[in-house]
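Only one structure is covered here, and it is reproduced in the block below.
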Amino acid sequence: MRALRVILLAALGAAAACGGDARQREPATVLFLTDFGVKDGAVAVCKGVMLGIESRLRIVDVTHEVPPYDVETAAEVLEQALPFYPPGTVTVAVVDPGVGSERKSIAILTKKGHLLVGPDNGIFTLVLASEGFDRAVELRDKRYFRTGTTSFTFHGRDVFSPVGAHLARGTPIDSLGPSVVPVRLNLQVARRSGGAIEGSVRYVEDPYGNVVANIPAALLDSAGMHVGDSLAVRIGSRTLRLPWRATFSDVPDGKALAVLHSRGLLSFSINQGDFATKYAVKRGDSVSLRRIPE
């Protein structure tokens, strides 16, 4: 009798533990990024679709102010934000100039355990470069789409939002469709050339006008360039002599300098000013720099 009581108590304890685990499990956070803007209801519609599938979702707005159709800027913003969220986080990214065309709709699992949902147009290129690629599938199983007719022009509502919500509540990625290899953007890579470094403007930081080059700290170090040096910097057709300092206030207000951006890339700034506007710099402009001997 005593043995039976022990068995029953153990079984009840296990059941309670299992039930407790199930109750405590929460859906993953969903990061949401678009170029929709916030002047109409498109963002709210997509959130409503997600919450209709899983009401406990935590939806984080990365931004909805990506310039229209600008896949490269969207890729930059995602790569900047996603590393600060835990494995299992789902990203729904909708910057989709090819909506309704033959471009694929995909979901991706990175080697760091992040799940990505969006159009197969290269929007996840930088995240994959930094986190590694595990696998990707084309979104084919319409059971995970929004119920009803799928719009040719609003896949954010009818495909990406519902799929993201299903993934967040635990749907396996492999159940969504067949394996695919994601499209990637053709990005330029900085390199050493003699005593110089040749690169390009990777993006302009809005609203400050800081110009971020595709030149990483390791490449600068390999060329013998360090904080405290003076650099001869050619951006486009203009050549400038810039001090490389640790932070903006190391030079007087209104003066230009080079700094190492928080993302580990060399950037060019004006202390409390707008470098990009003053020197008419845009993304993709060529950058060349040399260390000026003391």
Side-chain angles (χ1 to χ4, degrees), residues 33 35 37-38 60-68 70 72-85 126-127 129-130 187-294:
L33 175 146
D35 60 352
V38 292
V60 175
D61 294 299
V62 179
T63 181
H64 301 292
E65 303 297 334
V66 172
D70 193 339
E72 290 188 11
T73 292
E76 289 286 353
V77 175
L78 288 176
E79 194 269 341
Q80 179 184 23
L82 188 55
F84 295 92
Y85 289 82
L126 293 174
V127 170
S130 62
L187 300 176
Q188 297 178 327
V189 178
R191 61 185 180 85
R192 289 181 59 180
S193 178
I197 293 177
E198 306 287 342
S200 63
V201 174
R202 182 162 154 173
Y203 66 98
V204 175
E205 196 170 44
D206 184 50
Y208 302 106
N210 300 320
V211 171
V212 183
N214 65 342
I215 301 172
L219 186 60
L220 292 161
D221 188 63
S222 73
M225 301 180 189
H226 306 285
V227 174
D229 289 341
S230 293
L231 304 175
V233 180
R234 189 186 75 244
I235 302 183
S237 60
R238 185 187 295 270
T239 300
L240 304 169
R241 178 179 179 138
L242 298 177
W244 180 5
R245 299 295 182 261
T247 190
F248 311 109
S249 59
D250 287 342
V251 300
D253 292 357
K255 295 297 183 182
L257 74 160
V259 296
L260 195 64
H261 192 274
S262 60
R263 295 173 69 182
L265 301 168
L266 191 68
S267 68
F268 310 109
S269 306
I270 293 175
N271 184 18
Q272 299 186 40
D274 187 325
F275 189 100
T277 298
K278 180 173 182 178
Y279 296 112
V281 178
K282 61 185 184 302
R283 187 176 65 201
D285 283 352
S286 62
V287 175
S288 177
L289 57 93
R290 291 178 178 273
R291 179 178 177 276
I292 299 174
E294 297 295 335

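FYI, the numbering just counts along the sequence from 1. Keep in mind the model is a prediction, meaning the values are calculated, not measured.
A distance of 4.5 Å separates CZ of R192 from OG of S222, quoted to the nearest 0.5 Å. Considering CG of D229 and CG of L242, their distance stands at 12.5 Å, rounded to 0.5 Å. For the atom pair N210 CG and L265 CG, the distance stands at 12.5 Å (nearest 0.5 Å). One distance of note links CE of M225 with CG of L231; it measures 6.5 Å at 0.5 Å rounding. Taking CG of L220 as the reference point, atom CD1 of I197 lies at 4.5 Å (rounded to 0.5 Å). Distance check: L126 CG to L82 CG gives 11.5 Å after rounding to the nearest 0.5 Å.
With contacts defined as side-chain heavy-atom distances shorter than 4.5 Å, the pair L266/W244 qualifies. You'll find the side chain of Y203 stays beyond 4.5 Å of the side chain of V77, heavy atoms only. Between F268 and V233 there is a side-chain heavy-atom pair separated by less than 4.5 Å. Looking at heavy atoms from C-beta onward, V227 lies out of side-chain contact with L260 at the 4.5 angstrom threshold. Here the side chains of H226 and D221 are in contact, with some heavy-atom distance below 4.5 Å. Looking only at side-chain heavy atoms (C-beta outward), L257 and S269 come within less than 4.5 Å of each other.
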Side chain to side chain contact (heavy atoms under 4.5 Å, CB included) between F275 and L240, worked out: CA-CA 12 Å; F275 189 100; L240 304 169; 3.6 Å; yes
Residue pair V38, D61: steps toward the side chain to side chain contact (heavy atoms under 4.5 Å, CB included) verdict: CA-CA 11 Å; V38 292; D61 294 299; over 6 Å; no
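Of all the heavy atoms in I215 and A190, the pair that sits closest is CG1-CB, 3.9 Å. What you find for P243 and A256 is that their closest heavy atoms are CD-O, 3.6 Å. Contact between T73 and R283 at its shortest, heavy atoms only, is OG1-NH1, 2.7 Å. Contact between A196 and S288 at its shortest, heavy atoms only, is CB-OG, 4.3 Å. Between K278 and I270, the shortest heavy-atom contact is CD-CD1, 3.6 Å. Looking at every heavy atom in both residues, P83 comes nearest to E79 through CD-O, 3.2 Å.
Looking at D250, its side chain does come within 3.5 Å of a backbone N or O of A246 through a donor-acceptor pair. Using modelled atom types, one side-chain atom of N271 and one backbone atom of V251 make a donor-acceptor pair closer than 3.5 Å.
Counting non-hydrogen atoms of neighbouring residues, nucleotides and ligands closer than 6.0 angstrom, the OH atom of Y85 reaches no more than 12 such neighbours.
Using a cut-off of 4.0 Å between Lys/Arg side-chain N and Asp/Glu carboxylate O, R263 and E76 are scored as salt-bridged.
A donor and an acceptor atom, one from each side chain of E198 and S193, are nowhere located under 3.5 Å apart.
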